[in-house]
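The structure appears right after this line, and notes come after that.
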Amino acid sequence: MNGSPLALDRAELDDRAEFKDAVLSGLQRAPRAIPAKFLYDVRGSALFDAICELPEYYLTRTEEAILERAAADVIAAAPVECIVELGAGSAKKTTHLLTAQIQQRKTGIFAPIDVSLPGLILSREFNRTHLPQIKFHGLHARYEEGFASIDRNLPTLFVFLGSTIGNFNAASFVRFFSQLSDATGPNDFLLLGADRTKDIRVLERAYADSQGLTAEFILNVFVHINGLVGSNFDLAKMRYHSWYNSEWQQIEMYAVSNAAQEIRFPSFNTSFRWEKNDRILAEISRKFDPERLQQQLRFFNLHAVRHFTDPNDWFSLLLFKKAAD
């Protein structure tokens, strides 16, 4: 990986080109679902940032508190030159790791990967001002594209925070960790944030906040889709619903139709009938047992090194090392 200390590479991202396969297929099968990545347009990203500040949404502040306490131990246990954050956004939480990297090794490389260009630009400017010892090399791309850009001979700590793995279904989970394992070398590490199973009332409050921001965030995806392809989703004819599926250990977030309606996609000359009370799954958030998760990742040659948690045992930060192939 080469480039200037403040380099920012941009991969080609074309939501509209992917829409037909990614979204239409999901809307025309049963049960209906849409890819969660379409939630994060500019408005969606801003809403999610606001959700992270809500009192009900414990995940962000709990994970950051663990990271603040554990950053020095993480960096000491992972002797790397480069820190790669997947889905970095503005990379606020990663600052704790970068500060520890400077304290222990004087310098390093920070390579955030994200589909949000504004977030990467904010991260670059923060890095320039507050962490000049760190070389910045951001990549505007999806995870898989980002993996391919990292030199396997460069000792690297991959950072995947926010319990984003909870958004993966079983197939996506296997695909992601297979690709990550293939992209990592024998001197690489993974720091993984994972939200844990807990009292259902705590979980359900976190995804049905009193201000209605989560509902606005989920339903905004249909505004995004309308803007991409000229469809006619009407927010006045839908509502938000979420619940914790105990069998699958996951929060499920839906848009529910308030009335029978015909949803048209004129760009693709197709449509579907959305019946009253029918649901479209917009996102899941799986919850984990950290011991079981560590066992699962051994199948991808990722072996547990350290486990950090909070006083309530609500959230885990898990450090893994890539085993020799």
Side-chain angles (χ1 to χ4, degrees), residues 22-23 26-27 29-41 43-63 87 89 161-173 193-226 233-261 263 272 274-289 293 312-316:
V23 177
L27 289 174
R29 67 171 183 250
R32 302 188 198 279
I34 53 176
K37 72 169 190 171
F38 285 95
L39 291 163
Y40 295 92
D41 62 346
R43 175 64 175 154
S45 295
L47 285 167
F48 183 72
D49 287 344
I51 288 167
C52 291
E53 301 298 324
L54 293 172
E56 300 99 326
Y57 196 79
Y58 61 86
L59 287 82
T60 303
R61 64 177 178 272
T62 303
E63 182 181 47
L161 300 177
S163 201
T164 305
I165 57 164
N167 300 143
F168 295 157
N169 61 27
S172 299
F173 181 96
D195 194 23
R196 296 167 63 159
T197 53
K198 59 182 67 66
D199 188 314
I200 292 175
R201 292 169 296 181
V202 174
L203 291 170
E204 292 192 334
R205 280 198 299 268
Y207 296 89
D209 63 275
S210 58
Q211 295 184 38
L213 288 181
T214 309
E216 191 175 349
F217 168 65
I218 293 297
L219 298 184
N220 176 73
V221 71
F222 298 98
V223 177
H224 183 201
I225 291 171
N226 284 349
F233 285 106
D234 184 350
L235 267 59
K237 295 181 180 179
M238 65 179 79
R239 65 187 185 275
Y240 171 69
H241 173 70
S242 65
W243 74 298
Y244 182 67
N245 184 328
S246 298
E247 180 181 359
W248 291 95
Q249 295 185 322
Q250 63 188 29
I251 290 283
E252 298 174 359
M253 289 161 271
Y254 294 94
V256 184
S257 178
N258 289 331
Q261 49 192 300
I263 305 300
F272 76 91
W274 195 12
E275 299 292 352
K276 183 177 181 179
N277 294 325
D278 276 0
R279 304 181 299 181
I280 296 174
L281 179 64
E283 190 170 40
I284 63 170
S285 183
R286 296 169 63 199
K287 307 305 170 185
F288 299 91
D289 175 327
L293 182 57
N312 293 321
D313 290 334
W314 278 7
F315 200 97
S316 289

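Quick caveat, the model's predicted, so the values are computed rather than measured.
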Inset, instruction - Consider only side-chain N and O atoms of N167 and T164, and report whether a donor and an acceptor are under 3.5 Å apart. - result: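 Side-chain D/A pair, N167 to T164: absent.
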Legend entry - E204 and W243 side chains, donor-acceptor separation under 3.5 Å: no
Quick one: pull up [atom1] in [X] and [atom2] in [Y] and give me the separation to the nearest 0.5 Å.
{"X": "Q250", "Y": "L203", "atom1": "CD", "atom2": "CG", "answer": "12.0 Å"}
{"X": "Y40", "Y": "H224", "atom1": "OH", "atom2": "NE2", "answer": "13.0 Å"}
{"X": "R32", "Y": "D278", "atom1": "CZ", "atom2": "CG", "answer": "6.5 Å"}
{"X": "T197", "Y": "D313", "atom1": "OG1", "atom2": "CG", "answer": "10.0 Å"}
{"X": "S316", "Y": "D289", "atom1": "OG", "atom2": "CG", "answer": "8.5 Å"}

For the student: nearest non-hydrogen atoms of [X] and [Y], plus distance:
{"X": "C52", "Y": "T60", "result": "SG-OG1, 3.2 Å"}
{"X": "P55", "Y": "R61", "result": "O-NH2, 2.6 Å"}
{"X": "S163", "Y": "D195", "result": "OG-N, 2.8 Å"}
{"X": "N258", "Y": "A236", "result": "ND2-O, 3.9 Å"}
{"X": "E275", "Y": "A260", "result": "OE1-CB, 3.6 Å"}
{"X": "M238", "Y": "A255", "result": "SD-CB, 4.3 Å"}

Inset, instruction - May I ask you to decide if R196's main-chain N or O and K198's side chain share a donor-acceptor pair within less than 3.5 Å? - result: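 Between the backbone of R196 and the side chain of K198 there is a qualifying donor-acceptor contact (under 3.5 Å).
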Find out whether [X] and [Y] are in side-chain contact, i.e. whether some heavy atom of one side chain is under 4.5 Å from a heavy atom of the other.
{"X": "W274", "Y": "K237", "value": "no"}
{"X": "R286", "Y": "N245", "value": "no"}
{"X": "P31", "Y": "L281", "value": "no"}

Inset, instruction - Go through the steps to decide whether W248 and I284 satisfy the test side-chain contact (heavy atoms from CB on, under 4.5 Å), and finish with yes or no. - result: CA-CA 10 Å; W248 291 95; I284 63 170; over 6 Å; no
Inset, instruction - Evaluate the criterion side-chain contact (heavy atoms from CB on, under 4.5 Å) for residue pair I165 and L293; output intermediate values, then yes/no. - result: CA-CA 11 Å; I165 57 164; L293 182 57; 3.9 Å; yes
Inset, instruction - Specify whether F48 and Y57 have parallel, tilted or perpendicular ring planes, treating 30° as the upper limit for parallel and 60° as the lower limit for perpendicular. - result: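 Judged by the thresholds at 30° and 60°, the geometry between F48 and Y57 is perpendicular.
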Please table the atom pairs, donor to acceptor, closer than 3.5 Å between any side-chain atom in residues 206-222 and protein atoms at least two apart or in another chain.
| from | atom 1 | to | atom 2 | distance (Å) |
| --- | --- | --- | --- | --- |
| Y207 | OH | S285 | OG | 2.9 |
| Y207 | OH | K287 | NZ | 2.7 |
| D209 | OD1 | L213 | N | 3.4 |
| D209 | OD1 | T214 | N | 2.8 |
| D209 | OD1 | T214 | OG1 | 2.5 |
| D209 | OD2 | Q211 | N | 3.1 |
| D209 | OD2 | G212 | N | 2.8 |
| D209 | OD2 | L213 | N | 2.9 |
| S210 | OG | E56 | OE2 | 3.0 |
| E216 | OE2 | R43 | NH2 | 2.4 |
| N220 | ND2 | D41 | OD1 | 3.0 |

Legend entry - Worked verdict on Y58 versus N312 for side-chain contact (heavy atoms from CB on, under 4.5 Å): CA-CA 11 Å; Y58 61 86; N312 293 321; over 6 Å; no
